[in-house]
Amino acid sequence: MIHVVLYEPEIPQNTGNIMRTCSAFGICLHLIEPLGFYMDDKHLKRAGMDYIKDLQWDIWHDWPSFIQSHQGAMYYVTRYGSHRPDSFDYRKDQADGKDIYLVFGKESTGIDKQILKENLDHCIRIPMVPNARSLNLANCVALMVYAVEEQLDFPGCSQTEVIKGADFLEKHSDGQHHSGWL
């Protein structure tokens, strides 16, 4: 199983968008306190939409509580990382029966530097132009989830449109705009 871990997230809209991403891929989300918002925040709910009801998620009091309860392959996404997302064989983790944990830091300062120092061999940097400091947290999560899912061949994910039907475009190719196309 794949897990996304948000270390002390601060912005409810980011967390809501991440909840939506996790729900869409069947990924478990872990939130490490303190949080910079209340879980009933209207921005969180708007960004997560109705996907939140199907999401498997937990809130942890602090990092030590979380790490003592979870074992697996931990990957830390940070600007200080020296490995690319494709530097690791996530299939091997899965074959070894390990859950995969993608850990992301808070928007203002990232993951605690001591945690990173203790795990340098598993610190990932998303490549970008040299003068770019970082990407939006929700975008980083989406990029990393996609990278791992792609390597694992998207387990449990549909390859066709399920809600409107795989042949929706063939049935509605009259050139007219139809609401709800996306």
Side-chain angles (χ1 to χ4, degrees), residues 1-7 9 11 13-32 47-58 66-67 70-107 110-111 115-116 119-170 180-182:
M1 175 172 239
I2 301 170
H3 303 256
V4 166
V5 182
L6 300 183
Y7 178 86
I11 300 173
Q13 295 91 331
N14 281 337
T15 300
N17 285 322
I18 292 165
M19 291 174 111
R20 187 173 180 173
T21 297
C22 288
S23 181
F25 284 94
I27 291 173
C28 183
L29 176 64
H30 303 272
L31 304 175
I32 311 299
M49 295 177 54
D50 60 342
Y51 292 87
I52 294 174
K53 69 181 181 340
D54 297 323
L55 176 66
Q56 180 184 350
W57 59 286
D58 289 303
F66 169 77
I67 204 71
H70 294 84
Q71 294 184 0
M74 299 279 178
Y75 297 98
Y76 303 85
V77 182
T78 171
R79 66 188 284 195
Y80 305 111
S82 59
H83 302 285
R84 295 177 3 173
D86 61 353
S87 298
F88 298 97
D89 186 352
Y90 308 107
R91 293 169 300 204
K92 183 177 181 325
D93 293 331
Q94 189 180 52
D96 291 343
K98 294 180 183 175
D99 282 2
I100 298 167
Y101 293 86
L102 302 173
V103 183
F104 300 85
K106 58 182 160 185
E107 291 87 344
I111 302 167
I115 296 170
L116 296 176
N119 296 283
L120 287 174
D121 57 334
H122 281 96
C123 287
I124 294 173
R125 177 179 171 82
I126 297 172
M128 60 188 88
V129 296
N131 63 344
R133 182 175 42 108
S134 64
L135 293 169
N136 171 275
L137 178 61
N139 293 339
C140 290
V141 170
L143 286 167
M144 283 302 304
V145 164
Y146 190 87
V148 173
E149 288 278 344
E150 181 179 38
Q151 201 179 97
L152 299 177
D153 200 27
F154 301 98
C157 295
S158 173
Q159 301 292 321
T160 62
E161 167 56 42
V162 175
I163 296 170
K164 293 187 178 190
D167 59 351
F168 177 79
L169 291 177
E170 290 85 7
W181 270 66
L182 297 178

Fill in the blank from the handout: dist Leu135:CG -> Met128:CE (nearest 0.5 Å) comes out at 4.0 Å
Exercise for the section: Please name all residues satisfying salt bridge (Lys or Arg N to Asp or Glu O under 4.0 Å) with Lys92, sequence neighbours left out, ordered by chain then number. Expected result: Asp96
Handout entry: Residue pair Val141 / Leu6, side-chain heavy-atom distance below 4.5 Å
Key = yes
Completion exercise
Heavy-atom nearest pair, Ser23 first then Leu55, reads N-CD1, 3.8 Å
Problem - Rounded distance [0.5 Å steps], OG1 in Thr21 versus CE in Met144 - result: 13.5 Å
Problem - side-chain contact (heavy atoms from CB on, under 4.5 Å) partners of Ala147, counting only residues at least two apart - result: Pro85
Handout entry: Side chain proximity check, Ser87 to Ile124, heavy atoms < 4.5 angstrom
Key = no
Problem - Contact check, side chains of Val5 and Phe66, non-hydrogen atoms, under 4.5 Å - result: yes
Practice task
For His3 and Asp99, run side chain to side chain donor-acceptor pair (under 3.5 Å): C-alpha distance rounded to whole Å, both residues' side-chain angles, the deciding distance at 0.1 Å, then the answer.
Solution key: CA-CA 7 Å; His3 303 256; Asp99 282 2; 2.9 Å; yes
Problem - Cys28 side chain near His30 side chain, heavy-atom distance below 4.5 Å - result: yes
Handout entry: Separation between CD1 of Ile115 and CD1 of Ile32, rounded to the nearest 0.5 Å
Key = 8.5 Å
Handout entry: Residue pair Trp57 / Cys22, side-chain heavy-atom distance below 4.5 Å
Key = no
Problem - salt bridge (charged side-chain N to carboxylate O under 4.0 Å, His left out) contacts in which one or both residues fall within residues 143-152, not counting sequence neighbours - result: none
Completion exercise
Across all chains, not counting sequence neighbours, the side-chain contact (heavy atoms from CB on, under 4.5 Å) partners of His122 are Tyr75, Tyr76, Phe88
Fill in the blank from the handout: The reported gap from CZ in Arg125 to OH in Tyr80 (rounded to nearest 0.5 angstrom) is 10.0 Å
Exercise for the section: Could you tell me whether the side chain of Leu152 reaches within less than 4.5 Å of the side chain of Ile100, counting heavy atoms only? Expected result: yes
Fill in the blank from the handout: For residues 76-89, the salt bridge (charged side-chain N to carboxylate O under 4.0 Å, His left out) pairs (sequence neighbours left out) are Arg84-Asp86, Asp89-Arg91
Handout entry: Listed once per pair and sorted, the side-chain hydrogen bond (donor to acceptor under 3.5 Å, both in side chains) pairs that draw on residues 129-145, sequence neighbours left out
Key = Asn14-Asn136
Fill in the blank from the handout: Nearest heavy-atom contact between Ile111 and Leu116 is O-CD1, 3.8 Å
Fill in the blank from the handout: Separation between OG1 (Thr15) and CG (Leu137), nearest 0.5 Å, reads 7.0 Å
Fill in the blank from the handout: Rounding to 0.5 Å, atoms CD1 (Ile2) and OH (Tyr90) come to a distance of 10.0 Å
